[in-house]
There are 2 protein chains.
Amino acid sequence: MADIRDVAQRAGCSIATVSRALNSPQLVRPETLARVQAAAAELKFRPNALGRQLRGERTGLIGVMLPTLGNPVFADCLEGIEAAIDGTGRRLLLVTTQYDPERERNAIETLLQQRVDGLLLTLADAEHSALVDDLAAEGVACQLVYNDAPERPCVSVDNRAAAAQGVNMLIEAGHRDIVMVTGALHASDRAKRRYLGYGDAMQAAGLTPLPAFEIDFNSGARGERVREWLAQLERDGARPTALFCSNDLLALGVMRALREAGLRVPDDISVLGFDGLAVGELLSPTLATVVQPSVEIGRHAAQRLLAQIDGRVGAAGVTASHDPSLSHALILPHEIRRGGTVSAPPARQA
Amino acid sequence: MADIRDVAQRAGCSIATVSRALNSPQLVRPETLARVQAAAAELKFRPNALGRQLRGERTGLIGVMLPTLGNPVFADCLEGIEAAIDGTGRRLLLVTTQYDPERERNAIETLLQQRVDGLLLTLADAEHSALVDDLAAEGVACQLVYNDAPERPCVSVDNRAAAAQGVNMLIEAGHRDIVMVTGALHASDRAKRRYLGYGDAMQAAGLTPLPAFEIDFNSGARGERVREWLAQLERDGARPTALFCSNDLLALGVMRALREAGLRVPDDISVLGFDGLAVGELLSPTLATVVQPSVEIGRHAAQRLLAQIDGRVGAAGVTASHDPSLSHALILPHEIRRGGTVSAPPARQA
DNA sequence: TTGAAAGCGCTAACAC
DNA sequence: GTGTTAGCGCTTTCAA
């Protein structure tokens, strides 16, 4: 593969001139420029980004770490990230972690070894993660995505308030027996906050918050678990009238299990999700859910990261960005999407 | 940031020894090794991958180019790719093109400048793309994903046969008036082949294939377009009894428009999709569809790419891989998923 | 078992 | 405007 020296030779100039012709054409005499371009074209010269990156201050690479792309919420966010970097000449280095903290650690290290200019991360649990502190201490540009930790550089909705508002909608619809269904709480700070929000809403209405029903997300037998749980509730005569699912994907799975158990949504039981996946609107009944602006979350996070990167001085970065707001949370507005999966509770048969 | 020289100094050895200690510990005396490791740890040494990549033969980077992540089919595929490279120490450089051929060209160039070891691509139209030929000519390791071009290195289902089989299921259910709904045909070789398959099935049954109804995917007013079309059909008294949608996402959108137009699926009209998105099974009625194994497509494509990369000689690669099968299509089996969206056509009211 | 030294391809002073 | 040159951080002969 032709390198800059080959081009220089063919154009009859020095490699410095080739470099200039490519990067700052205005510094080069038009004829020279033309010769260089011709030579480059003839040789099919493809500049080696590694050489440039090794030499330069920045690589133009952004490291992105997400739990999974199996949940469209993350794919949507990634679309927002892409939209934000589009046209900036930057590229994305992508890793997924499957919610595994050890993979998180490795992935970040890998990205850093590639000398990414900055990191966009969704961590399992941001608040108790030493990782983020380490990164900050090292002066690595970084924004958390979806993680909702006020004191950290992150972009999210206010999960607690959003959940409370969603649950409140259920309460206003007449529900009193509301249970939250969630993936493993310890594996997601968002789920934890949403559970807090659930509690807030229940208590504000004078209702007793119930323990969350946790489903292992990685287990294949998810539907099975839900059915067993339902059967148990049925035996106890304790079937709630509404379920608040900590995310839409879970809600869809739960609705399926409900259907298989012969329960109708919303006639027998109401379901509320969280995320606002587009598919939710295509279902019938449409899925009621707490909408977070996933694409916008990604887009803002990326924009903030870029600002952070551009705000750094060349001087070996001791501290973080210039704009202090970038090191705190950006909370974007959520929205309640009313949908056909929520109705008034069935009439009590005392 | 500490570099290899700092570590060497601290460990009291040369940089060569440090390099060896890190990459081939067995070549280094245990005590030396320990000193190096200690020094590296104390200095929080993080090897710069760029240096190594610039020097070495491979970068360990895989370039992935997909049309969008908004369609879960591509996100699924990406999961398969990730699964395949997991543990190989390789990383993914990701770009999406929004089905734009110019972006395709740019994206590939960008990836190549980063000196990726190989490419995994979904092109808008693989058969008529000079791009792939250029890549092959340059000896770039490359596998197409989803593109279904027998003579090219790609992994897909047999879109034509799969579509025919799906349409045949509609015919067997009693449908004779079947229309295919698709995104812009020119923008996707897969859609084109599926339309051919539609034609095959229709003709085999002695039915006349109808023109496809093409919807611009990028237009926001998609639902609107579908409604207009339906209204037109209604006026003409030409409403088909079944729709074959070229992908599941489209099918969901179409079903929504149908619902809004007051038509019931499947009682008034049956709908068949293509892709086999997981959400399709969560709907009610469940979406009948032609299932392609998206995750497996991604996984196989990645595995083939890795084989191709590993099969190359160090010698400046003139030709492609050693295993000639890697430069032809790998066709994975599809599957028909019966679902609630397909039933017998409504009784004729002559 | 270790070290010295030559680059990988490029950019950016610094001279002319 | 253009050329010379010194690296960016690393791996890898080649010698010792």
Side-chain angles (χ1 to χ4, degrees), chain A residues 1-37 39-40 43-61 89 109-110 112-117 314-316, chain B residues 1-37 39-40 43-61 89 109-110 112-117 314-316:
Chain A
M1 167 137 305
D3 74 3
I4 199 175
R5 244 172 302 270
D6 302 324
V7 178
Q9 182 168 16
R10 189 156 235 261
C13 65
S14 73
I15 62 169
T17 297
V18 175
S19 177
R20 279 191 285 259
L22 267 29
N23 301 307
S24 328
Q26 72 284 7
L27 296 183
V28 156
R29 190 153 44 97
E31 303 135 54
T32 321
L33 179 58
R35 285 210 320 283
V36 171
Q37 287 171 335
L43 295 170
K44 291 187 201 285
F45 171 60
R46 178 147 43 221
N48 186 329
L50 298 170
R52 178 208 298 256
Q53 290 164 352
L54 183 54
R55 185 67 229 275
E57 194 78 330
R58 296 186 187 337
T59 57
L61 298 171
E109 181 58 27
T110 290
L112 258 17
Q113 291 190 4
Q114 192 69 39
R115 295 304 188 262
V116 295
D117 293 338
Chain B
M1 168 135 303
D3 73 2
I4 198 174
R5 244 171 303 270
D6 302 325
V7 178
Q9 185 168 12
R10 189 154 234 260
C13 65
S14 72
I15 62 169
T17 298
V18 175
S19 176
R20 280 190 283 259
L22 268 28
N23 301 307
S24 327
Q26 73 284 5
L27 297 183
V28 157
R29 190 151 44 96
E31 304 135 54
T32 320
L33 179 57
R35 285 209 321 282
V36 171
Q37 287 170 335
L43 295 171
K44 290 186 204 284
F45 171 61
R46 179 147 43 221
N48 186 329
L50 297 170
R52 176 208 302 254
Q53 289 164 353
L54 182 55
R55 182 71 228 275
E57 193 80 331
R58 295 188 188 338
T59 57
L61 262 24
E109 181 59 27
T110 290
L112 257 16
Q113 291 190 6
Q114 192 68 40
R115 296 305 189 261
V116 295
D117 293 337

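Here is how names work: the chains are called A, B, and so on, in the same order as the sequence lines, proteins then strands, and each is numbered from 1.
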Practice task
Using side-chain contact (heavy atoms from CB on, under 4.5 Å) as the criterion, list what pairs up with Ala34(B), not counting sequence neighbours.
Solution key: none

Practice task
Could you tell me which residues satisfy side-chain contact (heavy atoms from CB on, under 4.5 Å) with Leu50(A), sequence neighbours excluded, listed by chain and number?
Solution key: Asn48(A), Gln53(A), Leu50(B), Gln53(B), Leu54(B), Thr59(B), Gln114(B), Arg115(B)

Exercise for the section: Report the distance from atom OG1 of Thr17(A) to atom CG of Leu22(A), rounding to the nearest 0.5 Å. Expected result: 11.5 Å

Fill in the blank from the handout: In whole angstroms, the gap separating P of dC10(C) from CZ of Arg46(A) amounts to 12 Å

Handout entry: side-chain contact (heavy atoms from CB on, under 4.5 Å) against Leu112(B), all qualifying residues, sequence neighbours excluded
Key = Arg46(A), Ile108(B), Val116(B), Leu119(B), Leu135(B), Val140(B)

Exercise for the section: Provide, to the nearest angstrom, the distance between the CD atom belonging to Gln9(B) and the C1' atom belonging to dG9(D). Expected result: 16 Å

Practice task
Could you check how far CD of Gln53(A) sits from P of dC10(D), rounded to whole Å?
Solution key: 15 Å

Problem - Spacing between Asp6(A) atom CG and dC8(C) atom P, to the nearest angstrom - result: 11 Å

Problem - Residue list, side-chain contact (heavy atoms from CB on, under 4.5 Å) with Ser19(B), at least two apart or on another chain - result: Ile4(B), Asn23(B)

Fill in the blank from the handout: 5' to 3', nucleotides 2-8 of chain D under a 4.0 Å protein heavy-atom cut-off (B base, S sugar-phosphate only, - none) gives BBB-BBB

Handout entry: Euclidean distance, atom CD of residue Gln113(B) to atom P of dG9(C) [Å, nearest integer]
Key = 14 Å

Exercise for the section: Go through the structure and list residues passing salt bridge (Lys or Arg N to Asp or Glu O under 4.0 Å) with Asp6(A), not counting sequence neighbours. Expected result: none

Handout entry: Nearest-angstrom distance from the residue atom CD1 of Ile4(B) to P of dG9(D)
Key = 11 Å

Practice task
Measure from CD on Glu57(B) to P on dG9(C) and round the result to the nearest Å.
Solution key: 10 Å

Handout entry: Rounded distance (Å) that lies between atom P of dA12(C) and atom CG of Leu22(A)
Key = 13 Å

